[in-house]
There are 2 protein chains.
Amino acid sequence: MTIAGENTEKSILIAAREVFIAKGFEGARMQEIADHAGINKALLHYYFRSKEKLFEAVFSEVASNLFPAMKQMLEADLQFKEKITMFIRIYLKALEENPFIPAFILNTLNTNPDSFLKYIKKAGLNPKLLQKQIDDEVARGIIRAIKAEHLMVNIIAMCIFPFAARPIVQNIFDMNNDEYQTYLESRQTEIVDFVLKSITV
Amino acid sequence: MTIAGENTEKSILIAAREVFIAKGFEGARMQEIADHAGINKALLHYYFRSKEKLFEAVFSEVASNLFPAMKQMLEADLQFKEKITMFIRIYLKALEENPFIPAFILNTLNTNPDSFLKYIKKAGLNPKLLQKQIDDEVARGIIRAIKAEHLMVNIIAMCIFPFAARPIVQNIFDMNNDEYQTYLESRQTEIVDFVLKSITV
DNA sequence: ATATGATTTAACCATGTGGTCAAATGTAAT
DNA sequence: ATTACATTTGACCACATGGTTAAATCATAT
């Protein structure tokens, strides 16, 4: 592939990412993606062969970026509470940089529940590591007993929701955009506090 | 409208709800909805005029059911902790009965962020009621200070996430369907505990 | 300059999609 | 039985959509 070809392929992926995230697979139009990329529509098929394969390329990139923070947390050699705090910080930072990813992922999951299986397996997460650390902390009387499945889901849910459901949250609490940004910025402290206060003995 | 006409309209709405929830607005096909309803496709236009109006009818019904539990909680004359417990119980029960609604709502929000505005206004939620009750409980030394926006979002997020992101959660923790059902059934107790332990002084 | 392969273009294609329309059929009142 | 209106049907429509194709153009090596 030539340099020009690589640039074209990159342009397509960038444009496709934007349009698929905004419109979902079904709502995205190949012509729209081509327009965003500033290319002729036929090139989409030359480089990616079909809409599905293009979507898969975009989804693969997004999905592959989902688990490093989680894996890092599970495997980090840190004090438990430090680990939780680190995870929340890293996760929220990633969400701030890609605020539309949760909706994109959840949308794709809804129509294609198996879309994630291979990425989860590839990520090699081991939640048992967290359960072991929880058990150690419980034995030392530092935190109360809680299952890893619940703790992790609670944390991730609280991180993601204000991004995924932004219009609802924003309107229920009658916040303008600046106020919502401030709210998002306070989420890290609030979530860390909420979690640590809940589990600390 | 005749009885037959009312039955036809109902059949359409039921079928449309299923298909729109499964496929989203863009992915749903009018012919598929007609097949699900067991009718001729032209009837969709006779009764609802367009795909958009049919979707709006379905969305309106779903959205209107979203806030009664929340409003009930905000306005209930209950002890604070009872109120929280009641809300989680009612909310999770609603989610169990309609496990695909969160994904449907979030998906629609993503492509049309304003879709909810009128329903939120119509619901007449008043989060300040909750903030006032929180402040009273804080003054009595029963719970710690926390903002209503954070508390409510945390609760709703923890209730919704295992439904909206089921395939991810199920696969990360390597649960089969029975195990996941058991997990969902334990969420109520876990969330209530998590929240009350977090806010109780 | 020529040949070869890669990339791009613009026109075109087959099918799908939401929607239209007029005739057929059903219902109820007279 | 007739009339008027409501509902349903089945054929059809205009346009959109993802995809195809062959020619044009570009890039590189000889």
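Below, read A as the first sequence line, B as the second, and so on, with proteins coming before strands; counting in each chain starts at 1.
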*Asks:* Please figure out whether B/Gly38 or A/Asn40 has its closest DNA chain D nucleotide nearer the 5' end.
*Replies:* B/Gly38

*Asks:* If you apply the rule side chain to side chain contact (heavy atoms under 4.5 Å, CB included), what do you find for A/Phe25 with A/Asn107, and how did you get there?
*Replies:* CA-CA 9 Å; A/Phe25 175 75; A/Asn107 179 16; over 6 Å; no

*Asks:* C/dT8, OP1 or OP2 - any side-chain N/O from A/Tyr47 closer than 4.0 Å?
*Replies:* yes

*Asks:* NE2 of A/His45 versus C1' of C/dC12: gap in Å, rounded?
*Replies:* 14 Å

*Asks:* Between the base of C/dG18 and the side chain of B/Lys41, is one N or O donor paired with an acceptor at under 3.5 angstrom?
*Replies:* yes

*Asks:* Could you tell me the separation between the CG atom of B/Asp35 and the P atom of C/dT17, rounded to a whole number of Å?
*Replies:* 11 Å

*Asks:* Are more than 12 heavy atoms, taken from residues, nucleotides or ligands other than B/Glu6, located less than 6.0 Å from that residue's CD atom?
*Replies:* yes

*Asks:* Which whole-number value in Å describes the distance from A/Gln31 CD to C/dG16 P?
*Replies:* 21 Å

*Asks:* Working to the nearest 0.5 Å, report the span between CG of A/Leu13 and OG1 of A/Thr8.
*Replies:* 11.0 Å

*Asks:* Does B/Lys147 NZ have over 12 foreign heavy atoms under 6.0 Å away?
*Replies:* no

*Asks:* Taking 4.0 angstrom as the limit, do B/Glu149 and A/Arg187 come out as a salt bridge?
*Replies:* no

*Asks:* Parallel under 30°, tilted from 30 to 60°, perpendicular over 60°: which one fits the rings of B/Phe59 and B/Tyr119?
*Replies:* perpendicular

*Asks:* Under 3.5 Å, is there a donor-acceptor pair between the side chain of B/Glu96 and the main chain of B/Lys93?
*Replies:* no

*Asks:* What is the distance, to the nearest angstrom, from the NZ atom on B/Lys51 to the P atom on C/dT20?
*Replies:* 15 Å

*Asks:* With a 4.0 Å cut-off, would you call A/Lys81 and A/Glu137 a salt bridge?
*Replies:* no

*Asks:* What integer distance in Å separates B/Ile39:CD1 from C/dG19:P?
*Replies:* 14 Å

*Asks:* May I ask you to decide whether A/Lys132 forms a salt bridge with A/Asp136, counting only side-chain N to carboxylate O separations under 4.0 Å?
*Replies:* yes

*Asks:* How does protein reach along nucleotides 22-30 of chain C, written 5' to 3' as B (base within reach of a heavy atom under 4.0 Å), S (only sugar-phosphate), or - (no contact)?
*Replies:* ---------

*Asks:* B/Arg29 has an atom CZ; how far is it from atom P of C/dT15, in whole Å?
*Replies:* 17 Å

*Asks:* Over how many whole Å does the gap from B/Leu44 atom CG to C/dG18 atom P extend?
*Replies:* 10 Å

*Asks:* Taking heavy atoms of chain A and a 4.0 Å limit, find me the 5'-most and 3'-most nucleotide of DNA chain D within that range.
*Replies:* D/dT17 to D/dT21

*Asks:* Looking at A/Ser64 and A/Glu61, would you say the former's side chain and the latter's main chain have a donor-acceptor pair under 3.5 Å?
*Replies:* no

*Asks:* At 4.0 Å (heavy atoms only), tell me whether B/Ala28 reaches a base, stays on the sugar-phosphate, or touches nothing.
*Replies:* sugar-phosphate

*Asks:* Under 4.0 Å between a Lys/Arg side-chain N and an Asp/Glu carboxylate O for A/Glu75 and A/Lys83?
*Replies:* no

*Asks:* Check the angle between the aromatic planes of B/Phe194 and A/Phe194 and answer parallel, tilted or perpendicular using the 30° and 60° thresholds.
*Replies:* tilted

*Asks:* How many Å lie between CD1 on B/Ile12 and P on C/dG19, as a whole number?
*Replies:* 13 Å

*Asks:* Angle, rounded to 10°, between the helical axes spanning five pairs at each terminus of the helix from C/dA1-D/dT30 to C/dT30-D/dA1?
*Replies:* 0°

